[in-house]
Amino acid sequence: MDYAAFFQSRIDALKSEGRYRVFAELARRNGAFPAATRYVDGETAPVTVWCSNDYLGMGQNADVLAAFHAAADECGAGAGGTRNISGTNRHHVALERELASLHGKEAALLFTSGYVANQTALSTLGTLLPDCVILSDALNHNSMIEGIRHSRAEKHIFRHNDLAHLEELLAAQPIDRPKLIVFESVYSMDGDFGPIAEICDLAERYNALTYLDEVHGVGLYGATGAGVAERDGVMDRVDIIQGTLAKAFGVIGGYVAARADICDTIRSYGQGFIFSSALPPAVAAAACASVKVVRSTPSLRETHQERAATLKHLLLEWRLPVMRSPSHIVPVLVGDAERCKRATDMLLEDFGIYIQPINYPTVPRGTERLRLTPSPVHDDLQMRRLVEALTAVWRRLDLQAAA
Ligand SMILES: *Cc1c(COP(=O)(O)O)cnc(C)c1O
């Protein structure tokens, strides 16, 4: 085996398809988000970031940073172990209590990321529930797919948001067989919502548990930012709510919130929980401060929605092909991998605007797009510069205008 030739051929395959990923090396500027400094070929250039998932700019919030510093001074850098072996710090416990309260659940369980939360919780539930069958939305995130796969439970995929198809699959199972319905509240690439109430109706009718990924909903929807399930008044009907501390909350970490018996089971059997070191206490303290600020500041959510609506409106006004999205996510269609990459290169090099191209396999071929995430820290002037730059790039690359 010529290992070097093999690995090079794998990389070349991506390059020939225009799918090879190049990272922009940035230093985000605290206090000046969405401004960042880009490092390229030994030089620096100022950029405006338009594709961050720090949806509310909480990564630079003063309370969050104060909590971060204070806990680092108090407890040092790392947790010192897994949660089981010396790693459980009082800041983890306080954060879990805060998250349980946010979601109106008895308990919450912290993981090092939202990815690990999904992978561990789903693999544990799917393994432990006897003869479990898992019903999974076709557009579910890779972390859920991996968790389900690892559980080796029988899996059926229902067409995206298709309640009739989900019901058909549920009805085909014996009523007493354990079932888990796995879905999301906001699908991150199209920005559409999952029908949470209707899925809960089906779960009750067919004796299933519900597992909801609220990664793109927490902090952003509902009166206290508990997510779309809170907005829809169905939080108490969802059995397991999973979320991240890395997007709207601006830090890092993931969690599930559920009944105490479910959290305790995942705590006791989940391998990605048991065998991995705990988050640094300062991270937990910063995340906890962020949750508290976001819960008690509805104006953050109002401004976030206003910014998204304003940007969508502006894009339409400038006849840029913004895709219909009911949420805060603003996709703009390019429809071609190569030109999607060229458009974003041009935006970065010529206009100092950083937007990562979204290509296959993240989205289907032919729907390659720019995914814009306006936030309360993006002002009118930055929006104006964005649409001007997009218009210039659209003209240069002869891209399709809005219909
Ligand atoms: C980002 C993401 C995750 C993973 O969360 P991290 O905290 O970034 O690991 C899980 N689910 C969805 C839908 C995501 O977009």
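Indexing begins at 1, ligand by ligand and atom by atom, following the structure's order.
- The pair R365-E17 counts as a salt bridge, with a side-chain nitrogen and a carboxylate oxygen less than 4.0 angstrom apart.
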Worked check of side chain to side chain donor-acceptor pair (under 3.5 Å) between N140 and D213: CA-CA 9 Å; N140 274 344; D213 176 317; over 6 Å; no
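- The ligand atoms of ligand 1 that sit less than 4.0 angstrom from a heavy atom of Y115 are 4 (C), 5 (O), 6 (P), 9 (O).
- R38 forms no cation-pi arrangement with Y354, by the criterion of a distance under 6.0 Å to the ring centre and an angle within 45° of the ring axis.
- Closest non-hydrogen pair, V291 versus F249, comes out as CA-CE2, 3.8 Å.
- Closest to atom 7 (O) of ligand 1, if we only count protein heavy atoms, is T244 OG1, 2.6 Å.
- Applying the 4.0 Å criterion to heavy atoms of E184 picks out, from ligand 1, the atoms 13 (C).
- Cation-pi geometry between R231 and F193 is met: the NZ or CZ atom falls under 6.0 Å from the ring centre, inside 45° of the normal.
- Under 4.0 Å from ligand 1, the heavy atoms of N118 that appear belong solely to its side chain.
- Distance from atom 6 (P) of ligand 1 to its nearest protein heavy atom, with residue and atom name: G114 N, 3.4 Å.
- Among protein heavy atoms, the minimum distance from atom 1 (C) of ligand 1 is reached at K247 NZ, 1.5 Å.
- Applying the 4.0 Å criterion to heavy atoms of S143 picks out, from ligand 1, the atoms 10 (C), 11 (N).
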Step-by-step salt bridge (Lys or Arg N to Asp or Glu O under 4.0 Å) determination, R385 to E388: CA-CA 5 Å; R385 289 199 178 124; E388 283 171 2; over 6 Å; no
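- When only non-hydrogen protein atoms are considered, atom 15 (O) of ligand 1 lies nearest to H216 NE2, 2.5 Å.
- Both tests pass for K15 against the ring of Y20: distance under 6.0 Å to the centre and angle within 45° of the axis.
- In this structure, atom 11 (N) of ligand 1 lies nearest to the protein heavy atom D213 OD2, 2.7 Å.
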